[in-house]
Participant: 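Structure incoming, see below.
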Amino acid sequence: MKFAGQVRVKAPRATVYAALRDAHFFASCVDGVSALTETAPDRYTATLETKVAYMKFSFKVSVAVVRADAPREIEAKVEGTPLGIVGRFTATALTKLSEAGDETRIAYEVDAALTGKLGSLGQPVLRAKAKDMERQFAARLAAAFAGPAPATP
């Protein structure tokens, strides 16, 4: 599954980049993320809980930032194993930041794959859930920059 989108926020590109590189800030924009732990520089583990159709899933997730080109791009690889069923979730996410007047345009592309029982749920159901999570992420990100500037590390 591939999906892409963009969000504009009213903040300088360097500020947005610093916020997105802060794993705790980023995780706060993703619905269902908890227990975020840094295991090494640019490597994290977390739990992701979500509901797909009528089933609730918990994933043990690992994230590795594989490329960070300040203040332009961040690329990460994500792997997750659902707890309680056979399967695997993998994704590559690329985020590009560009200036748009007094705003920053955040363009993102995600290429995700699901295997095992989770993958058998069917692409339309999973694509709808991914789009819903994408909308929530974009709304939380926009809201975070609409108020006081986020703290940077």
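The shown structure was predicted, so the numbers you read here are calculated from the model rather than taken from an experiment. By convention here, the first residue in the shown sequence is residue 1.
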Participant: Walk me through whether E75 and D69 qualify under side-chain contact (heavy atoms from CB on, under 4.5 Å).
Facilitator: CA-CA 9 Å; E75 183 176 3; D69 179 17; over 6 Å; no
Participant: Sequence neighbours left out, what passes side-chain hydrogen bond (donor to acceptor under 3.5 Å, both in side chains) with Y108? Give chain and number order.
Facilitator: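 Here the qualifying residues are E134.
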Participant: Given K2 and E109, is the side-chain contact (heavy atoms from CB on, under 4.5 Å) satisfied, shown in steps?
Facilitator: CA-CA 7 Å; K2 292 184 181 185; E109 300 172 12; over 6 Å; no
Participant: For the atom pair OG1 (T47) and NZ (K60), what is the distance rounded to the nearest 0.5 Å?
Facilitator: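 The distance works out to 5.0 Å.
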Participant: Which atom pair, heavy atoms only, marks the closest approach of A64 to R43?
Facilitator: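 Result for this residue pair: CB-NH1, 3.1 Å.
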Participant: Work out which heavy atom in T104 is nearest to a heavy atom in P12; give both atom names and the distance.
Facilitator: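 Scanning both residues, the minimum pair turns out to be OG1-C, 3.3 Å.
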Participant: If you round to the nearest 0.5 Å, how far is OG of S98 from CD of E73?
Facilitator: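 One gets 10.5 Å once the value is rounded to the nearest 0.5 Å.
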Participant: Could you please spell out the steps behind the side-chain contact (heavy atoms from CB on, under 4.5 Å) verdict for R72 and R13?
Facilitator: CA-CA 8 Å; R72 292 179 277 290; R13 182 167 64 163; 3.6 Å; yes
Participant: Minimum heavy-atom separation for P71 to A14, with atom names?
Facilitator: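 Looking at all heavy atoms of both residues, the closest pair is CB-CA, 4.3 Å.
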Participant: Please give me the minimum heavy-atom distance between Q6 and R105, naming the atom from each residue.
Facilitator: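 Heavy-atom minimum between the residues: OE1-CD, 2.7 Å.
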Participant: Would you give me the side-chain donor-acceptor pairs under 3.5 Å for residues 76-84, sequence neighbours excluded?
Facilitator:
residue, atom, partner, partner atom, Å
K77, NZ, T92, OG1, 3.4
E79, OE1, R88, NH2, 2.6
T81, OG1, R88, NH1, 3.0

Participant: Distance check, rounded to the nearest 0.5 Å: L20 atom CG versus T95 atom OG1?
Facilitator: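 Result: 6.5 Å between the selected atoms.
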Participant: Running the 4.5 Å side-chain criterion over Ile, Leu, Val, Met, Phe, Trp and Tyr, what cluster does V110 land in, apart from itself?
Facilitator: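 Members besides V110, by chain and number: F3.
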Participant: Check whether more than 12 heavy atoms from other residues, nucleotides or ligands sit under 6.0 Å from atom CZ of R140, and answer yes or no.
Facilitator: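 Check passes, neighbour count above 12.
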Participant: Look at the rings of F25 and F145 and say which category their plane angle falls in: under 30° parallel, 30 to 60° tilted, over 60° perpendicular.
Facilitator: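 Answer is perpendicular, since the angle exceeds 60°.
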Participant: First locate atom CZ of R21, then atom CD1 of I74, and finally report the distance between them rounded to the nearest 0.5 Å.
Facilitator: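 Nearest 0.5 Å value for the CZ-CD1 distance: 6.0 Å.
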Participant: Would you say L94 ends up clustered with V65 if hydrophobic residues are merged whenever their side chains have heavy atoms under 4.5 Å apart, either directly or through other cluster members?
Facilitator: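 As far as the 4.5 Å side-chain criterion goes, L94 and V65 are not connected within one cluster.
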Participant: Could you measure the distance from the CG atom of L48 to the CG atom of D31? Nearest 0.5 Å is fine.
Facilitator: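 Answer for the CG-CG pair, L48 versus D31, is 8.5 Å.
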Participant: Indicate, with yes or no, if M1 and M133 share a hydrophobic cluster defined by side-chain heavy-atom contacts under 4.5 Å among Ile, Leu, Val, Met, Phe, Trp and Tyr.
Facilitator: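 M133 and M1: one cluster.
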Participant: Run V33 and V61 through side-chain contact (heavy atoms from CB on, under 4.5 Å) and show every step you take.
Facilitator: CA-CA 9 Å; V33 173; V61 178; over 6 Å; no
Participant: For the residue pair A68 and Y17, what are the closest heavy atoms and their distance?
Facilitator: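 Between these two residues, the closest heavy atoms are CB-OH, 3.3 Å.
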